[in-house]
2 protein chains.
Amino acid sequence: MGILERKLRQKEEVRESILTAAWQLVQEEGWSMLSIRKIADAIEYSVPVIYSHFENKDAIMQEFTKDGFRKLNTTLIQAQSSANHPAEQLTAMAQAYWEFAFQNKEYYQLMYGLGMPTCEAARQMPELGNFVQLLQTTIKDLIAGSKAVDADPFLKFHTFWSLLHGLVSINMVDRTACPDSLHQLVLQDAVRGFIKNV
Amino acid sequence: MGILERKLRQKEEVRESILTAAWQLVQEEGWSMLSIRKIADAIEYSVPVIYSHFENKDAIMQEFTKDGFRKLNTTLIQAQSSANHPAEQLTAMAQAYWEFAFQNKEYYQLMYGLGMPTCEAARQMPELGNFVQLLQTTIKDLIAGSKAVDADPFLKFHTFWSLLHGLVSINMVDRTACPDSLHQLVLQDAVRGFIKNV
DNA sequence: TTATTATTTATAACAGTGTTAGCAAAGGTA
DNA sequence: TACCTTTGCTAACACTGTTATAAATAATAA
């Protein structure tokens, strides 16, 4: 009796159509505009059908988060195998990570929970400008009193800010059995490395 | 005629009460649970009154974003003035930045648009574990072939990931008249610095 | 003080959202 | 053909941000 198999196959097809419809809607209108009703309309089924495939909306989005990490991992492995020495491997992987993020913005936004609503708003905010200038001038001073006097302050500032923001936001997302004391060490190590490098 | 003055004063009071009520609700239930109706209930006014003070919900949240940056700037200036040499200043500021983020989570979450819904979900995701391991082993190789053989791979990994994630997310939030070529330089410079430091 | 005008405030609606209970229709089995 | 199980839809619930409209209040003029 292939009936059960056919049913499973059909169910899988609907599940797949939910995901492809959702992904299309996300690409057209972004994550914030994705809704269960829109997916239901797209797949020409009623709303509750979706809930027989996914526990809730979050479960659908988690599926894409997994997809995103899978894709990223593949890209990173590829980059890794393109070099032999660890230093080159790491450089290639950093490049790959960067490219992935911007070639798959929808994935990356979801993976790291970037809301993106502040994007337009942040530009015209004097408080942000102050913050930039504040750090930048200090870095200028640092450069002036160092060997590498020709270093670009704006560039170094961005590195520094990224380092800080990265440390913080990673720690917020990934609280994986890692004591606070170690995060303190990470911060100190990173900052010391940055300064030594200037 | 002090009537106009009194009216302005009363209007300001209502405006202030909206913000304090909103802030209390955020601290109790988080940003995702904040709603206009809840604020209206708290201040014992009807919903449209809120819209006579703020254009929309986003405007209320922007007010807190500004507050957040103001607070951060104050903290950073204080940290800066606690030292004389740039290197020490920067170290103190990094520390202050870190402390601010975690002592004012609500602010930082809003300022950087961290959705925080992935927080619990991310922990039990094998894809994330793979990603961690992948980078970590490469860093282990890097350490093994370097002078500082006693360096902590887990620590270095976190530094590296933070650097990458920071670069990406900062660039996503802050697209301030900065050509892509410069971001490439930032990335290269940061990674080179990290490797040299290992 | 009363009538008129301007301001302030609330009710109720619109168009959405995620989620689910209850019922009708179709599919498979005896 | 009669029964039962599975499937799928309608409609509702409890929310959300936002706004048009109407009522109540306060300030001004007669």
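Just so it is clear, the model here is predicted, and its values are computed rather than measured. Every chain is numbered from 1, with letters handed out A, B, ... down the list of sequences.
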More than 12 heavy atoms from other groups under 6.0 Å of CD on A/Gln24: no
N-O pairing of B/Arg70 and B/Asp67 below 4.0 Å: yes
Just by distance, do the side chain of A/Lys156 and the backbone of B/Asp189 share a donor-acceptor pair under 3.5 Å? no
Atom pair distance, as rounded to whole Å: CD in B/Glu44 and C1' in C/dT8: 18 Å
The side-chain contact (heavy atoms from CB on, under 4.5 Å) partner of B/Ile50 among B/Ile60, B/Asn56, B/Val14 is B/Ile60
For the backbone of B/Phe69 and the side chain of B/Asn73, can you confirm whether one donor and one acceptor N or O come within less than 3.5 Å of each other? yes
Measure the distance from NZ on A/Lys11 to P on D/dT6 and round it to the nearest whole Å. 11 Å
Nucleotide C/dG18, atom P - distance to CH2 of A/Trp31 in whole Å: 13 Å
Looking at the side chain of A/Val49, which of D/dT7, C/dA21, D/dG8 is the nearest nucleotide? D/dG8
Once you round it to whole Å, what is the distance between C1' of D/dT19 and CZ of B/Phe54? 18 Å
Take A/Arg6 and B/Tyr45, find for each the nucleotide of DNA chain C with the closest heavy atom, and name the residue whose nucleotide sits nearer the 5' end. B/Tyr45
For A/Gln78, I'd like to know if atom CD has over 12 heavy atoms of other residues, nucleotides or ligands within 6.0 Å. no
Calculate the interatomic distance between B/Gln10 atom CD and C/dT7 atom P; express it in whole Å. 16 Å
For the pair made of CD1 in A/Ile50 and C1' in C/dT17, what is the distance, rounded to whole Å? 13 Å
Between NE2 of A/His53 and P of D/dT6 the distance, given in whole Å, is 15 Å
I'd like a list of close polar pairs between nucleotides 15-18 of chain D and the protein, N/O only, cut-off under 3.5 Å.
{"residue": "D/dT16", "atom": "OP1", "partner": "B/Ser35", "partner atom": "OG", "Å": "3.0"}
{"residue": "D/dG17", "atom": "OP1", "partner": "B/Ile36", "partner atom": "N", "Å": "3.2"}
{"residue": "D/dG17", "atom": "OP1", "partner": "B/Lys57", "partner atom": "NZ", "Å": "3.1"}
{"residue": "D/dG17", "atom": "OP2", "partner": "B/Ile36", "partner atom": "N", "Å": "3.0"}
{"residue": "D/dG17", "atom": "N7", "partner": "B/Arg37", "partner atom": "NH1", "Å": "2.7"}
{"residue": "D/dG17", "atom": "O6", "partner": "B/Arg37", "partner atom": "NH2", "Å": "2.8"}
{"residue": "D/dT18", "atom": "OP2", "partner": "B/Tyr51", "partner atom": "OH", "Å": "2.8"}
{"residue": "D/dT18", "atom": "OP2", "partner": "B/Lys57", "partner atom": "N", "Å": "3.0"}
{"residue": "D/dT18", "atom": "O5'", "partner": "B/Tyr51", "partner atom": "OH", "Å": "3.3"}
{"residue": "D/dT18", "atom": "O4", "partner": "B/Arg37", "partner atom": "NH2", "Å": "3.2"}

